[in-house]
Amino acid sequence: MMDGKSKRPARLGSFRAKFILVVGGAVLFDLLVSGGLALWNVQRLSRDATLEVGQGLEAASQEYIRTYADSTAAQVSLLLRQVHNDVSTLAGVLQAQIDDPERNSVVGAAIARTSPGSVSLSYDQKANWSQNAPGSVSVVSVWSYLLGEDHNPRPDVQTDIQTSAVLDLVAPSLLQHGASKLQMYYIGSKERPIFRTAPYTDQAQTFDRLYPGHNEANFWDFFFPGLYESWQGWAKDMKTRPVADDITQTAPYTDAITGKLIVSFFQPLWTADRKDVAGTAGADITLDQLAQTVENVKVAQSGFGFLAMSDGNVVAINSTGEKTLGLRSASDASGSGVTGLERSLKGSSQPAIAKLALDRELGIQHLLLQQEGNEVPYIVIVKKLPATNLWSSGPVRQEAMSLGVVVPEREIQASLYAAQAKISEATNRIVIYQILAILMSLLVVAIAVIAASKRITSGISALADAAKRIQAKDYSVRVAITSKDEVGEAGEAFNRMAEQISYHTENLEQLVEERTAQIEDAKEEISTLNAQLQRENRRLGTELAVAERIQLMVLPLHQELEEFQALEIAAYMRPAEEVGGDYYDVLKSGNRLKIGIGDVTGHGLESGVLMLMVQSVARALQEAGNTDAVKFLTDLNSALFKNIVRTKIDKHLTLAFLDYDGKEMILSGQHEEVVVVRANGEVERIDTMDLGIPIGLEADISAFIKTREITFETGDLILLHTDGVTEAENDAGELFGIERLCREALRLKDQSAEKVVAGIIATLMLFIGSQKIYDDITLLAVRHR
């Protein structure tokens, strides 16, 4: 007994292995495809999100840098504009004094009275210059070449000293308010270049220390060569100003008093007639003030700003920026005039900075700067400041400083990198989860497929093993039914089949003996039946032979047909079987002749018996002197109908008679068409359908019988036939037909009746050929001699 739970491992070619391969492969393919699509979509989503975020943050960062640069440039411009305004205010006061000499003298005298320390100077014998004492609002220095022999200022110089004291009224307020300034001052004309500065400092002493020889040289030529001459050129033609503004800015230089890097802003003072220079009002701001604004630039963590001259000299930058841009500082140590600062971008150790163009405003630039041996990407944006008049040495020229903002890309894009890192982290996490989900699905599917295959194939394996055991003639095998599906139904069918095989095998010998005995009995019965059949066949054959003999015996004899002087009669009849159903007869009674022809339905003995009945009754009626054609058929039908009822012969027949009395030929009864071939060759076909009905159908047919007289002249030929002639078939299935019969009769009309019948029969047999004859053939020819 099989338990249906075989634990044999699945072989490669087994159904279970194929099941696992096909189902597992399909599920694996589906999981891989769906999982691959999911991973691909996640990667694509991550890539698109990173790209969109990157583009958005980059655009926002660049816009932020642009805005920041614009804002810082506006602040620097505002600072410079405030300094310009303060210098212009001071210059306006001084210029008003120059334009009104009387008031200028009055104001100077008033200040001398109220503030004698501002206009009273002391001669320094050692240094050979004069300067007011400390305690005044401003310091005024008079150089040796402006002193008289008494070491006092020349009178015209003393006048300038007094009138310039108005600086004490204006400068303190301007220093305390507005833009932060280091000092404000007045410098006299080239003929009287006194130097009044607020607040008070040891001005002349510092100059002696830092600028040896200045006391003997003209102030303007010593400190600012070319500047004064440029202004004189403006006085002649204001259009020569590089920039349409009187303010002139110096390049950064070291202040002699404070030692700080400063930038000076001058506004020239004009003579009352505006044809020459009368001195200048000025203000100094330290680079620290500019640098403070620029150095306050802070973008991201280490982004910085710088302010550069058009020649690339950087005037403001913090130390981090100076190091990042690779700038090297150098000071002019010529020992004469102001000392400039040289910190040019063109001398940068960074090649990308050295090539940085400052002659035009540039948008966002991406540069690689060297840092500790690595190339670090930076974003640089340069903004041009409003142009101004600049003196560095020689004539005044136009200058437009540039404000730059430098930011490490990694800092400005830190949020971008963080977003990308978050997206990448999320993507990786999703991918890992997806892969784990796929692996888990594969594991679950594999377990499910193996379990399902085991459950499904266990029943099939049990059936296979059971079939092998049956093949080995172990008919006791049965399979355990563990499921109610098709496999369970197959198991139940197998068990029933096994039981039947076992039962039939165990009872096979008994069954063989029983079947052998039954076969022997059947053979004996068949032999008996065969013997009976043979005897019956012999008896029927004998009976048929007798019937055929009787049928042939009752046919008219040849000499009977030749007894008629006026008529020539010939006949032919061939039954389709041993006993036919056709009837013909020639009956003579006195000088009256009666020719009959008929066709019983079917063939065989019953048809032959019915034909003999017709022949016997017709002869009896003829002998009884029945000359009425209608009554003759009526009586014949009555007699036959009764016999048919008695004998239970389910047959009837068509029957027609020709009655000839030597003058008239009368046709009665229903049969095939009567063919009359006239002596002149005309052919007449007479239909008998209205002359009667088949014999044996009704007890009384007198109402249906009619007669027709046929003209029958000398040489005329009458043909009577049964349907065996016209319905005979050739090998092609074609019928002989009434037309062919007429043509043959016409062809043979001049010959004897015997030859007419023989010729037509010969043509008919040639037409039939090898085809079987299905019906009796009867043909009569009657010629009027």
Side-chain angles (χ1 to χ4, degrees), residues 500-501 503-557 571-585 598-620 639-655 694-697 722-725 727-731 733 761 764-765 768-778:
Q500 293 176 0
I501 293 174
Y503 172 79
H504 287 293
T505 301
E506 293 174 355
N507 299 279
L508 182 60
E509 295 182 357
Q510 180 179 353
L511 290 174
V512 170
E513 292 178 357
E514 291 177 354
R515 294 292 183 270
T516 302
Q518 293 175 356
I519 292 173
E520 292 297 331
D521 294 340
K523 287 175 64 178
E524 184 177 356
E525 185 177 358
I526 291 171
S527 298
T528 304
L529 292 175
N530 284 336
Q532 292 177 354
L533 183 59
Q534 291 176 357
R535 290 194 296 272
E536 186 65 20
N537 286 338
R538 285 196 296 272
R539 184 185 63 80
L540 290 175
T542 301
E543 291 178 351
L544 288 174
V546 171
E548 181 181 8
R549 178 62 179 168
I550 294 172
Q551 188 177 38
L552 295 176
M553 288 175 63
V554 298
L555 292 178
L557 298 175
Y572 175 83
M573 188 183 76
R574 175 177 175 175
E577 297 179 357
E578 287 80 355
V579 179
D582 281 3
Y583 159 77
Y584 84 93
D585 201 357
D599 186 3
V600 182
T601 55
H603 310 286
L605 181 60
E606 292 181 348
S607 298
V609 171
L610 184 56
M611 177 265 190
L612 290 176
M613 291 181 184
V614 173
Q615 194 275 340
S616 300
V617 174
R619 178 165 293 278
L640 287 180
F641 182 79
K642 293 176 181 176
N643 281 343
I644 289 172
V645 172
R646 175 180 291 176
T647 59
K648 299 180 181 179
I649 297 174
D650 186 18
K651 294 183 180 296
H652 54 275
L653 75 157
T654 60
L655 182 61
I695 302 299
L697 291 179
T722 60
D723 57 358
V725 176
E727 295 179 359
E729 297 181 0
N730 60 8
D731 294 337
I761 294 300
L764 177 63
M765 293 303 156
I768 293 173
S770 61
Q771 184 67 13
K772 181 181 178 181
I773 297 174
Y774 295 102
D775 202 357
D776 306 332
I777 297 174
T778 301

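Excluded from the calculations below are hydrogen atoms, water molecules and symmetry mates; all remaining heavy atoms, backbone and side chain alike, are included.
Rounding to the nearest 0.5 angstrom, the gap separating the CD atom in Glu729 from the CD1 atom in Ile773 is 12.0 Å. Atom CG of residue Asp723 and atom OH of residue Tyr774 lie 15.0 Å apart, to the nearest 0.5 angstrom. Here the OG-CG distance, from Ser527 to Leu533, works out to 12.5 Å after rounding to the nearest 0.5 Å. Atom CG in Leu697 sits 8.0 Å away from atom CD1 in Ile644 (nearest 0.5 Å). In this structure, Arg538 CZ and Arg535 CZ are separated by 7.5 Å, a value rounded to the nearest 0.5 Å.
Phe641 approaches Gly696 most closely through the heavy-atom pair CD1-O, 3.4 Å. Nearest heavy atoms, Gly581 versus Ser607: CA-CB, 3.9 Å.
Considering only heavy atoms from C-beta on, Thr647 comes within 4.5 Å of Met613 through its side chain. Two residues are said to be in side-chain contact when any heavy atoms from C-beta on lie closer than 4.5 Å; Tyr572 and Ile777 meet this criterion. Looking at Leu655 and Leu640, their side chains never come closer than 4.5 Å, going by heavy atoms from C-beta outward. Annotation: side chain of Leu653 is in contact with side chain of Val614 (closest heavy-atom distance under 4.5 Å).
The neighbour count for Asn530 CG, taken as heavy atoms of other residues, nucleotides or ligands under 6.0 Å away, is above 12. The number of heavy-atom neighbours closer than 6.0 Å to CD of Gln532, taken from other residues, nucleotides and ligands shown, is above 12.
With sequence neighbours excluded, the residues that form a side chain to side chain contact (heavy atoms under 4.5 Å, CB included) with Thr601 are Lys651, His652. Looking at residues two or more places apart in sequence or on another chain, you find no side-chain hydrogen bond (donor to acceptor under 3.5 Å, both in side chains) involving Thr528.
In summary, the side chains of Asp582 and Thr722 do present a donor paired with an acceptor at a separation below 3.5 Å, with no hydrogens or angles considered.
With hydrogens and angles disregarded, no donor-acceptor distance shorter than 3.5 Å links the side chain of Asp585 to the backbone of Gln615.
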